[in-house]
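Before any comments, here is the structure.
The structure presented is a predicted model; accordingly, all values stated were derived computationally and were not measured. Whatever order the structure lists them in is the order used to number ligands and atoms, beginning at 1.
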Amino acid sequence: MQDISIITVVGARPQFIKAAAVSRAVAAFNRTDPPVRLNECIVHTGQHYDQNMSKVFFDQLSIPRPDVNLQVGSGPHGRQTGAMLEKLEEILLAARPDWVLVYGDTNSTLAGALAAAKLHIPVAHVEAGLRSYNRRMPEEINRIVADHLSTLLLCPTPTAVDNLTKEDITKGVHNVGDVMYDSVLFNADLARKSSSIMQTLKLKPQSYYLATIHRAENTDNPARLAGILQAFRQIDAPIILPMHPRTQKTLGSAEKGIAQNVRIIEPVAYLDMLTLEAGARIILTDSGGVQKEAYWFGKPCITLRDETEWVELVHAGCNRVVGAETRAIVSAVNEFESAGAALPADRPTDLYGDGHSAEKIAARLKSEYEAVTASGKGPGSI
Ligand code: UD1
Ligand code: UDP
């Protein structure tokens, strides 16, 4: 029997972290000497390209080197996505893989899904079914299109499955849990043993807050960004802020005007980020991944957005979605502080699966492919 060929399309920081878990599971699957192997080839679109936004993750997480880097770089949505599409089409036409595997909701996700679907190559979408119900977010457009083009929809939560049902997507949908949970379980101990970020920054656990800001809705809206930074000024604790290049670009020289208690650092490597999260009192963020990592490390999270896809965290009392208004942010900080900066003791601990999500994804890539071949319908008709 022939091996199953997979082209994984990644391009942005969180996708490297998610893909690392799945690539590891694919390699483990192949080590069992199965009759049919999973042959993965990684295509990096080049959406993120700074050393500390890309290479550091491949090195630290031992992700196989990308077989191809499209070097698309930054640009407006249409140009960036269009350039990816053109280059991906060429690669997919030549390789004709059995699956194209995409992650999350970036422009790289959209381009991978669209290029594959047009060539009748089945798409598997990891982190399918998430919705913010805010179509002004580029990510919402990307994930809706990717989901509607996908054959295999690998959802992280029951809510994601329900969201897809509302859009009449029920075939090929599986709740496999969240690969980022696999990643935290795999790396938390390693981070504890190997990261020296706490010493480098001279930080004591529980003595600081951690913040990240990068969403277009915040960085590209001066009033929202000012509201967030004003709130940071009013927080009575050091705030460590690993600054995303997008935010760096927006702030430019205005960075000098940021409050003294805010310590801006370069984007950090994954193990350093996990260490900073584990040591923080409270986390403030507009990141998707960081909201969940806060929960896994038992840290209260304040989400600097008007909505979240990760609604389970809000229902469990672990996350407050407060937007960008200064008073709302400060008041959420005070509320969490008055509860001892601790999460509710009775919170559920299994919101994102059992930590074996990547294995389930590898198994699905095999079983769903075989189901189609057995039905004689051929690829593209799963
Ligand atoms: C992208 C995703 C977002 C995701 C985020 C993860 C889209 C539409 N957005 O946002 O969903 O949460 O990645 O971090 O795909 N830049 C650099 N160096 C880099 C990369 C970017 O300087 O290595 C700067 C450039 O000025 C660029 C800007 O950051 O224009 C934005 O980068 P881009 O990839 O377009 O979007 P992100 O904000 O990173
Ligand atoms: N992250 C990191 N270094 C940083 C900031 C974030 O390693 O300086 C990690 C973080 O731990 C999480 C992921 O990047 O695993 C989240 O990515 P990001 O916030 O860029 O994107 P989002 O999740 O919002 O799409």
Decide whether an N or O pair under 3.5 Å exists between [X] and ligand 2.
| X | answer |
| --- | --- |
| R215 | yes |
| R13 | yes |
| S287 | yes |

Legend entry - R13 N/O to ligand 1 N/O under 3.5 Å: no

Inset, instruction - Ignoring angles and geometry beyond distance, decide whether S108 reaches within less than 3.5 Å of ligand 1 through its nitrogen or oxygen atoms. - result: no

For [atom], which of the options [options] provides the nearest non-hydrogen atom?
| atom | options | result |
| --- | --- | --- |
| atom 18 (N) of ligand 1 | N52, T106, D50 | D50 |
| atom 25 (C) of ligand 1 | G73, P14, S74 | S74 |
| atom 9 (C) of ligand 2 | V290, V268, V184, I17 | I17 |

Quick one: nearest non-hydrogen protein atom to [atom], plus distance?
| atom | answer |
| --- | --- |
| atom 17 (C) of ligand 1 | Y49 OH, 3.2 Å |
| atom 20 (C) of ligand 1 | H48 CD2, 3.4 Å |
| atom 1 (C) of ligand 1 | Q47 NE2, 3.7 Å |
| atom 25 (O) of ligand 2 | P14 CG, 3.5 Å |
| atom 12 (O) of ligand 1 | H214 NE2, 2.8 Å |
| atom 36 (O) of ligand 1 | R246 NH1, 3.4 Å |
| atom 26 (O) of ligand 1 | K249 CD, 3.2 Å |
| atom 22 (O) of ligand 1 | P245 CB, 3.3 Å |

Without hydrogens or angle criteria, can the side chains of [X] and [Y] be said to hold a donor-acceptor pair below 3.5 Å?
| X | Y | answer |
| --- | --- | --- |
| S5 | N39 | no |
| E307 | S132 | no |
| N107 | Q80 | yes |
| Y352 | S357 | no |

[X] heavy atoms, cut-off 4.0 Å: which ligand 2 atoms fall inside?
| X | result |
| --- | --- |
| Y270 | 7 (O), 15 (O) |
| M180 | 12 (C), 15 (O) |
| G288 | 22 (P), 23 (O), 24 (O) |

Inset, instruction - State whether the number of non-hydrogen atoms from other residues, nucleotides or ligands found under 6.0 Å of R65 atom CZ is greater than 12. - result: yes

Legend entry - Nearest heavy-atom neighbours spanning C301 and A294: CB-CB, 3.8 Å

Inset, instruction - Any chance you could measure H244, atom NE2, to N52, atom CG, to the nearest 0.5 Å? - result: 10.0 Å

Are the side chain of [X] and the backbone of [Y] linked by a donor-acceptor contact shorter than 3.5 Å?
| X | Y | result |
| --- | --- | --- |
| Y208 | L276 | yes |
| N261 | A237 | yes |
| T157 | A160 | yes |

Just to be sure I read this right, does ligand 1 sit under 4.0 Å from the backbone of [X], its side chain, both, or neither, counting only heavy atoms?
| X | result |
| --- | --- |
| E139 | side chain |
| S287 | neither |
| H244 | side chain |

Legend entry - Test item: W310 and N319 side chains (from C-beta on) under 4.5 Å apart, heavy atoms: no

Inset, instruction - Kindly indicate whether the side chain of L304, heavy atoms from C-beta on, has any atom under 4.5 Å from the side chain of N218. - result: yes

Inset, instruction - Determine whether any heavy atom of E139 lies closer than 4.0 Å to an atom of ligand 2. - result: no

Legend entry - is_close_aromatic(H44, F16), centroid dist under 6.0 Å: yes

Inset, instruction - Answer side chain, backbone, both or neither: which part of P242 comes under 4.0 Å from ligand 2, heavy atoms only. - result: side chain

Legend entry - Pairing of E217 and R305 as salt bridge, 4.0 angstrom limit: yes

